[in-house]
There are 2 protein chains.
Amino acid sequence: MGQESKNGLQRRILDTARRLLISDGYARLSMRKIAREIGYSATTIYLHFKNKDQLVHALIEEGVSRLHRRLLSRSNQNGEGVRKRLRNLCSEYVVFGLDNPEYYEIMYMLHPENLARYPADKYRRARKNLELLASVYQEGVDGNVFQRLDPMLAASIIWSHMHGVVSLILSERFDARLDKDRVIGESIERVIRGFEPEHRIRSTV
Amino acid sequence: MGQESKNGLQRRILDTARRLLISDGYARLSMRKIAREIGYSATTIYLHFKNKDQLVHALIEEGVSRLHRRLLSRSNQNGEGVRKRLRNLCSEYVVFGLDNPEYYEIMYMLHPENLARYPADKYRRARKNLELLASVYQEGVDGNVFQRLDPMLAASIIWSHMHGVVSLILSERFDARLDKDRVIGESIERVIRGFEPEHRIRSTV
DNA sequence: TCCGGTAACTTAACAGTGTTAAGTTATCAC
DNA sequence: GTGATAACTTAACACTGTTAAGTTACCGGA
């Protein structure tokens with residue numbers, strides 16, 4: 001029959017996969033369901049994606065660049081102090097995770113054996129988000145706002161702490177009585193405080 | 001036939017499930033495989049556990065009490081300062097996660113829809129681990145070592161940061177070049193620093 | 001000794017999953 | 001017209017959790 005151009009169908013598969021991911025969640029995303037939705041047999045998808053992992057990789061990359069756009073728009077706000085810009089980045093990261101739980105899940109919470117060997121070029125793009133954090137941290141080091149430390153190490157630590165908050169909220173492991181916004185806000189403040197020079201004295205307390 | 005006493009078989013199921021969980025991981029843990037291993041049909045398991053979720057809940061509870069024993073042994077080390085005891089608790093938590101990745105996964109990383117409504121009594125036991133952290137924090141508040149803050153809030157934040165580190169290591173999201181031990185050590189230090197009073201002055205920088 | 005009940009267990013089935021091998025059809029270049 | 005190729009499908013494999021219905025084996029009471 002051959003009615004669809006190769007790239008057209010590939011895009012339709014991806015669009016449908018994204019829609020189903022967001023509406024039903026990763027656990028219910030199946031090749032057969034995607035196929036049914038676009039009116040093809042399940043095996044057709046395998047003509048455009050090697051397997052389910054590769055399809056999910058494409059969705060992960062979409063999520064990574066969505067997050068990147070949001071972080072970029074926040075980190076470019078000049079005129080703000082370095083500390084505030086780092087705080088904004090952290091806050092934006094958390095908000096992205098809570099706003100896009102399905103994207104967040106496949107990006108950062110899927111078991112590694114579900115996304116076999118994430119390709120190097122995509123991984124490089126994913127790392128740009130971390131580099132955004134690292135560059136702001138480096139600025140802070142230069143301006144004596146943060147302690148001198150390998151910026152990628154510092155960024156990784158800050159990221160992991162934000163990830164802890166987001167993932168525990170998404171996987172519903174926090175006590176229901178806990179004020180999540182409070183946890184988020186305090187987390188961001190405490191993380192940043194942990195990297196500030198020791199001698200800093202604030203007016204309060 | 002009825003050769004096994006009810007409780008004996010229940011224990012055998014659980015033992016086998018635990019063994020398979022640890023050796024093959026949660027993703028490959030199946031009712032049929034457990035059954036095959038103990039020489040019964042798969043449906044026999046349903047005479048002792050309502051469904052797979054409930055079986056996993058039992059394993060989660062095992063993990064929770066294993067972790068509890070380890071945290072207890074660390075928090076009871078009197079003679080140590082409060083700061084060091086909090087650090088030891090954090091360190092013990094991380095080590096537990098890295099040493100027992102399969103337990104850790106079902107305890108804190110499984111998607112909530114996979115463990116439908118974790119029963120309240122088990123949840124209470126799980127919270128005791130957090131309370132261990134909280135009580136050490138409260139001691140620190142009393143001794144002016146940590147800032148005054150709702151101890152359960154502080155404990156939740158500290159926990160979430162440790163969870164971030166553990167889960168990103170287990171799900172292999174950190175850059176391979178990153179020194180994980182460094183990340184762990186710095187994370188613990190920075191987290192604690194974030195809760196220390198502002199005016200503290202150290203000898204180094 | 002026979003009868004009913006029950007506990008322990010099994011088989012068969014449902015509705016799904018990712019994935020591969022083999023088969024079909026339509027179009028296009030020569 | 002012929003052969004190649006792209007696009008697509010059907011059937012199958014080996015799994016999954018779970019339920020309904022069926023089968024034994026034993027045990028207390030008449």
Side-chain angles (χ1 to χ4, degrees), chain A residues 1-18 20-21 23-60 102 105-106 110-118, chain B residues 1-18 20-21 23-60 102 105-106 110-118:
Chain A
M1 306 215 173
Q3 295 152 326
E4 282 272 347
S5 83
K6 191 134 191 165
N7 284 338
L9 186 50
Q10 178 147 7
R11 173 155 304 176
R12 278 228 290 155
I13 293 169
L14 217 56
D15 287 348
T16 306
R18 185 193 317 111
L20 289 177
L21 172 75
S23 65
D24 301 357
Y26 174 75
R28 276 179 273 278
L29 182 69
S30 89
M31 302 299 259
R32 284 176 160 95
K33 207 194 273 184
I34 296 168
R36 213 180 305 135
E37 208 81 1
I38 57 173
Y40 286 83
S41 78
T43 50
T44 294
I45 301 180
Y46 288 84
L47 301 172
H48 300 91
F49 295 91
K50 201 193 158 204
N51 50 33
K52 193 186 179 186
D53 275 9
Q54 206 176 87
L55 209 173
V56 173
H57 283 168
L59 292 174
I60 289 177
E102 301 82 12
E105 187 185 353
I106 61 171
L110 265 200
H111 199 287
E113 68 190 349
N114 280 96
L115 65 163
R117 53 208 151 54
Y118 195 59
Chain B
M1 309 215 173
Q3 295 152 326
E4 281 274 348
S5 82
K6 191 134 190 165
N7 286 338
L9 187 49
Q10 178 148 7
R11 174 156 303 177
R12 280 229 290 153
I13 292 169
L14 217 54
D15 287 349
T16 306
R18 185 194 317 111
L20 289 177
L21 172 75
S23 65
D24 301 358
Y26 174 75
R28 276 180 273 278
L29 181 69
S30 87
M31 302 298 260
R32 284 176 160 96
K33 207 194 272 183
I34 297 168
R36 213 181 304 136
E37 209 80 2
I38 58 174
Y40 286 82
S41 77
T43 50
T44 294
I45 301 180
Y46 288 85
L47 301 171
H48 300 91
F49 296 91
K50 200 191 156 205
N51 50 33
K52 194 186 178 186
D53 274 9
Q54 206 176 84
L55 210 172
V56 174
H57 283 168
L59 293 173
I60 288 176
E102 300 84 11
E105 187 185 351
I106 60 171
L110 265 200
H111 199 285
E113 67 189 352
N114 280 96
L115 65 164
R117 54 209 150 54
Y118 195 59

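Any value given below was found using the heavy atoms of this structure, including those in side chains, with hydrogens, waters and symmetry copies removed. Chain A is the first sequence line, chain B the second, and so forth, proteins listed ahead of strands; every chain is numbered from 1.
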Original post:
Quick one: is C:dT17 close enough that its OP1 or OP2 comes under 4.0 Å of any side-chain N or O from A:S30?
Top reply: yes
Subject >> Integer-rounded Å distance: C:dT17 P and A:N51 CG >> reply: 17 Å
Original post:
Can you tell me how far CG of B:L14 sits from CG of B:L9, rounded to the nearest 0.5 angstrom?
Top reply: 11.0 Å
**OP:** Could you check whether A:T44 gets within reach of a base, just the sugar-phosphate, or nothing at all, counting any heavy atom under 4.0 Å?
**Re:** base
Original post:
Knowing that exactly one of A:V56, A:N51, A:L55 qualifies, which makes a side-chain contact (heavy atoms from CB on, under 4.5 Å) with A:D53?
Top reply: A:N51
Original post:
Say you draw a straight line from CD of A:E102 to OG of A:S23; how long is it, rounded to the nearest 0.5 Å?
Top reply: 8.5 Å
Subject >> A:T43 (side chain) and D:dT10 (base): donor-acceptor pair under 3.5 Å >> reply: yes
Subject >> Nearest-Å distance for atom pair CD1/P, residues A:I13 and C:dG18 >> reply: 14 Å
Original post:
Partners of B:T43 by side-chain contact (heavy atoms from CB on, under 4.5 Å), sequence neighbours excluded?
Top reply: B:S41
Subject >> Pairs where residues 26-43 of chain B contributes a residue and the test salt bridge (Lys or Arg N to Asp or Glu O under 4.0 Å) is met, not counting sequence neighbours >> reply: A:E113-B:R28, B:R19-B:E37, B:D24-B:K33
Subject >> For atom NZ of A:K50 and atom P of C:dG18, their distance in whole Å >> reply: 16 Å
**OP:** Rounded off to whole Å, could you give me the CG-to-C1' distance for the B:L47 and C:dT6 pair?
**Re:** 13 Å
Original post:
Just checking B:L55: base, sugar-phosphate only, or nothing, at a heavy-atom cut-off of under 4.0 Å?
Top reply: nothing
Original post:
Which of residues 31-38 of chain A have a heavy atom under 4.0 Å from DNA chain C?
Top reply: A:M31, A:R32
**OP:** Find the distance between CZ (B:R12) and CD1 (B:I34) and round it off to the nearest 0.5 Å.
**Re:** 12.5 Å
Subject >> Point-to-point distance, once rounded to the nearest 0.5 Å, from CG of B:L59 to CD1 of B:I106 >> reply: 5.0 Å
**OP:** Find the distance A:Q10:CD to D:dC8:P and express it as a whole number of Å.
**Re:** 12 Å
Subject >> Euclidean distance, atom NE2 of residue A:H48 to atom P of C:dT19 [Å, nearest integer] >> reply: 16 Å
Subject >> Atom pair distance, as rounded to whole Å: OH in B:Y46 and P in D:dT16 >> reply: 11 Å
Original post:
Quick one: which of D:dC8, C:dT19, C:dC9 gets closest to the side chain of A:K52?
Top reply: C:dT19
Subject >> B:R28 CZ - C:dG18 P separation (whole Å) >> reply: 16 Å
